[in-house]
Amino acid sequence: MSADWWRTAVVYQVYIRSFRDGSGDGVGDIAGLRERLPYLADLGVDAIWINPWYPSPQADGGYDVADYRAVAPEYGTLAEAEQLIAEAHGLGLKVILDIVPNHTSSEHRWFQAALAGDEAARARYLFRPGRGKDGEEPPNDWDSTFGGPAWTRTEQGDWYLHLFAPEQPDLDWTNPEVLEEFLETLRFWFDRDVDGFRIDVAHALTKQPGLPDAGDIDDPMLDIHPAWDNDSVHEIYREWRKVADAYEPPRIFVAESWVRNNERLALYLRDDELHTAFQFDFLLAPFVAERMRTVAQEAIETAVEIDAPSTWVLSNHDVVRHVTRYARSQPLERAEGPWERERWSDEEPDLELGRNRARAAAMLVLALPGTTYLYQGEELGLAEVEDIPSDRRRDPIWEQSGHRDVGRDGCRVPLPWSGDAPPYGFSPEGATAETWLPQPDDWGSFSADAEAVAPHSVLALYRDALSLRGEHWVTAGPVTWLDSPPGTLAFRRGGLECWLSTSGAPVPLPDRPVLLESRPGAVVGGGLQPDCAVWLG
């Protein structure tokens with residue numbers, strides 16, 4: 001791949017804890033991922049993004065990092081990580097790691113030293129005196145995105161900030177020691193041939209001076225809030241970019257930035273800052289053609305203006321899988337923010353409908369210009385697991401919300417690879433340990449082995465779509481939107497067209513050869529059926 005591979009790549013997200021267990025302890029690991037690298041290469045992706053594999057108490061699925069320059073023993077060793085990177089490169093796959101710069105684990109050596117009274121260590125975090133009588137009230141009115149206040153009081157009587165779980169104290173990025181530590185961490189992994197980083201909550205590192213009250217904020221992640229999307233964060237990424245550009249080939253970054261609009265997102269993608277940032281609007285959009293076209297059109301217009309590719313995503317480890325999102329007509333009410341699970345009506349999900357719509361949406365994003373991220377299991381058509389027993393839930397959102405929000409466990413259930421019963425080949429044959437999250441009893445037909453031999457499976461669609469994308473769409477040129485009937489969207493790139501219908505009736509198509517249908521029978525008698533997509537030559 002060229003040095004600009006990141007402009008057109010398809011990246012497969014590996015939630016390592018749930019991808020493949022090579023050791024038999026019920027937890028995914030590096031050995032399991034190495035074993036399945038050929039599967040990913042055969043699928044046709046260009047790169048993998050691996051969620052945090054660092055030592056962690058797992059208070060938040062590994063996003064509470066205790067050591068940024070090591071591998072957690074339950075996942076393997078640093079030597080195994082280096083072997084994985086080399087083997088992935090040998091198969092033509094780039095490797096992107098996850099970095100978590102907003103906060104550390106409360107078990108990180110810095111924070112432990114801070115609690116022990118080390119003033120230099122305390123200065124790396126946001127400790128503040130409380131308000132009210134004897135400082136008994138938090139320093140401000142900020143809430144944690146996981147529920148409850150964003151402050152925890154120490155035994156000494158002061159408070160520390162954590163925008164997420166109490167086990168995730170926020171760093172103070174005005175302290176130059178914090179910047180230097182992370183620059184060294186970037187170099188540590190770049191020296192081991194890692195191709196780039198996904199930056200966790202990239203918009204959160206700097207806060208407004210003085211940490212003022214937020215006031216009445218409807219959506220603290222997307223509205224103007226003192227904790228998010230402050231302009232001072234861009235100085236940090238200019239320093240990061242210098243490190244990435246010093247390598248040959250240059251390394252790359254993709255930002256997780258939940259910001260108010262595409263104009264704010266574009267600020268992260270200036271020439272001397274980050275390369276790409278996730279376009280999350282599809283995660284919040286219903287399966288309605290007009291809304292999906294607006295999302296795509298606005299993102300593409302922004303991308304053209306700043307010469308940075310759009311980065312499409314339909315699912316990830318933080319949101320309800322899109323098969324399930326599309327399986328109900330509409331949620332009863334919107335989530336209060338992108339980190340909170342959507343609240344659904346009592347309507348029973350129609351997963352066959354959701355799966356048909358998910359097939360069509362995949363064809364849409366794979367035909368658009370830019371980069372596409374796939375979340376593990378979406379190529380199998382997996383739905384959200386909504387009936388996890390309360391005592392098996394692991395997401396801190398479940399506890400911090402007072403059991404009102406079930407959290408994100410439902411999209412993180414270990415993958416099915418083979419067989420008709422749990423653990424579906426996730427762990428080696430003969431392993432007796434339970435998978436870290438329970439798997440459903442009806443996933444046998446969705447295992448990778450089962451779908452590999454089913455001619456019209458979701459896996460077959462993804463393999464065909466990725467092959468055709470590389471052959472046709474990557475070099476097809478800019479988007480020209482076409483006039484199409486209500487309930488549809490259509491665009492042309494070069495000599496190809498993509499049509500998607502959310503209409504309730506068949507839609508006439510142009511008389512052009514069919515390259516790919518989202519499902520068998522998507523095109524009947526020259527008409528595109530409801531909840532389907534098609535590529536025309």
Side-chain angles (χ1 to χ4, degrees), residues 52-56 62-72 78 81-82 96-128 160-164 167-209 211 227-248 250-257 267-268 270-275 277:
W53 60 11
Y54 316 109
S56 166
Y63 284 90
D64 48 320
V65 179
D67 185 348
Y68 291 85
R69 301 179 204 167
V71 172
L78 183 58
E82 292 171 340
I96 298 171
L97 298 187
D98 217 315
I99 194 164
V100 188
N102 178 69
H103 48 263
T104 70
S105 166
S106 56
E107 295 189 13
H108 191 281
R109 69 186 190 283
W110 278 4
F111 195 72
Q112 289 297 300
L115 293 181
D118 183 330
E119 291 301 322
R122 288 174 61 83
R124 299 170 190 141
Y125 294 91
L126 292 164
F127 286 89
R128 295 292 185 273
Y160 69 86
L161 178 69
H162 52 86
L163 294 179
F164 298 93
E167 297 86 355
Q168 296 168 291
D170 278 43
L171 290 161
D172 185 350
W173 275 87
T174 66
N175 187 324
E177 293 179 4
V178 174
L179 174 62
E180 287 304 316
E181 179 72 8
F182 276 87
L183 294 181
E184 283 304 308
T185 295
L186 296 178
R187 295 186 185 101
F188 177 88
W189 290 106
F190 289 158
D191 287 345
R192 284 157 179 79
D193 278 345
V194 166
D195 298 287
F197 279 99
R198 176 262 191 189
I199 306 171
D200 186 57
V201 286
H203 57 299
L205 276 57
T206 62
K207 284 73 174 172
Q208 283 187 22
L211 308 183
W228 309 105
D229 192 27
N230 288 287
D231 288 338
S232 53
V233 76
H234 299 289
E235 299 173 13
I236 296 168
Y237 295 132
R238 292 186 185 100
E239 296 301 315
W240 286 32
R241 180 63 177 261
K242 292 175 185 175
V243 172
D245 284 351
Y247 285 80
E248 183 56 43
R251 309 311 198 233
I252 65 100
F253 297 111
V254 56
E256 182 203 29
S257 296
L267 297 178
Y268 291 79
R270 289 174 283 198
D271 288 345
D272 59 348
E273 292 191 43
L274 306 178
H275 302 75

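Quick caveat, the model's predicted, so the values are computed rather than measured. Residues: numbered from 1 along the sequence shown.
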Task: Closest approach of Ala202 to Val233 (non-hydrogen atoms, all atoms of both residues) - done: O-CG2, 3.6 Å
Task: Distance in Å, Trp189 CH2 paired with Glu82 CD, rounded so as to fall on 0.5 Å steps - done: 7.5 Å
Task: Partners passing side chain to side chain donor-acceptor pair (under 3.5 Å) against Thr206 (at least two apart in sequence or in another chain) - done: Ser232
Open item on the list: So if I apply the salt bridge (charged side-chain N to carboxylate O under 4.0 Å, His left out) rule between Glu181 and each of Arg124, Arg109, Arg187, which one comes out positive?
Closed with: Arg109
- [ ] Please report the closest heavy-atom contact between Ser105 and Phe111, naming both atoms and the distance.
- [x] O-CB, 4.0 Å
Task: Between CD1 on residue Ile99 and OG1 on residue Thr185, distance to nearest 0.5 Å - done: 5.5 Å
Task: Shortest non-hydrogen contact between Pro55 and Ala70, atoms and distance - done: CD-O, 3.3 Å
Open item on the list: Please verify the inter-ring angle class for Phe182 with Tyr68; under 30° counts as parallel, over 60° as perpendicular, anything in between as tilted.
Closed with: perpendicular
TODO: Please work out whether the ring planes of Trp173 and Trp240 are parallel, tilted or perpendicular, with thresholds of 30° and 60°.
DONE: tilted
Open item on the list: If the test is side chain to side chain contact (heavy atoms under 4.5 Å, CB included), which one of Ile96, Asp245, Asp193, Val243 qualifies with Arg251?
Closed with: Asp193
Open item on the list: Measuring only between side-chain heavy atoms, which start at C-beta, is Asn102 closer than 4.5 Å to Asp200?
Closed with: no
TODO: Kindly check if the number of other-residue, nucleotide or ligand heavy atoms within 6.0 Å of CG (Asp191) is above 12?
DONE: yes
Open item on the list: List the residues meeting salt bridge (charged side-chain N to carboxylate O under 4.0 Å, His left out) with Arg128, not counting sequence neighbours, and say none if there are none.
Closed with: none
Open item on the list: Pair Tyr247, Phe190 - check ring pair (Phe, Tyr, Trp, His ring centres under 6.0 Å), show working.
Closed with: CA-CA 8 Å; Tyr247 285 80; Phe190 289 158; 5.4 Å; yes
Task: Heavy-atom check, side chain of Lys207 versus side chain of Leu163, under 4.5 Å - done: yes
Open item on the list: On a heavy-atom basis, which atom in Asp170 and which in His162 lie closest, and how many Å separate them?
Closed with: OD1-CA, 3.4 Å
- [ ] State the NE2-NE2 distance between His103 and His108, to the nearest 0.5 angstrom.
- [x] 12.0 Å
Task: Separation of Glu184 CD from Leu179 CG (nearest 0.5 Å) - done: 10.5 Å
- [ ] Please assess Arg238 against Glu235 for the test salt bridge (Lys or Arg N to Asp or Glu O under 4.0 Å), listing each intermediate value before the final yes or no.
- [x] CA-CA 5 Å; Arg238 292 186 185 100; Glu235 299 173 13; 5.7 Å; no
Task: Parallel, tilted or perpendicular, as decided by the 30° and 60° cut-offs, for the rings of Tyr268 and Tyr237 - done: tilted
Open item on the list: Could you tell me if the side chain of Asp229 sits less than 4.5 Å from the side chain of Leu267, heavy atoms only?
Closed with: no
TODO: Give the intermediate values and the outcome of side-chain contact (heavy atoms from CB on, under 4.5 Å) for residues Val201 and Tyr63.
DONE: CA-CA 11 Å; Val201 286; Tyr63 284 90; over 6 Å; no
- [ ] Please state whether the rings of Phe197 and Phe253 are parallel, tilted or perpendicular, taking 30° and 60° as the class boundaries.
- [x] parallel
- [ ] Please assess Arg241 against His275 for the test side-chain contact (heavy atoms from CB on, under 4.5 Å), listing each intermediate value before the final yes or no.
- [x] CA-CA 9 Å; Arg241 180 63 177 261; His275 302 75; 3.4 Å; yes
- [ ] Would you check if Leu171 and Tyr125 make a side-chain contact, meaning some heavy-atom pair closer than 4.5 Å?
- [x] yes
TODO: Verify, without hydrogens or angle tests, whether Gln208 (side chain) and Ala227 (backbone) share a donor-acceptor contact under 3.5 angstrom.
DONE: no
- [ ] Drop me the distance from Leu274's CG to Arg198's CZ, to the nearest 0.5 angstrom.
- [x] 12.5 Å
Open item on the list: A side-chain contact here means heavy atoms from C-beta on lying under 4.5 Å apart; do Val100 and Phe164 qualify?
Closed with: no
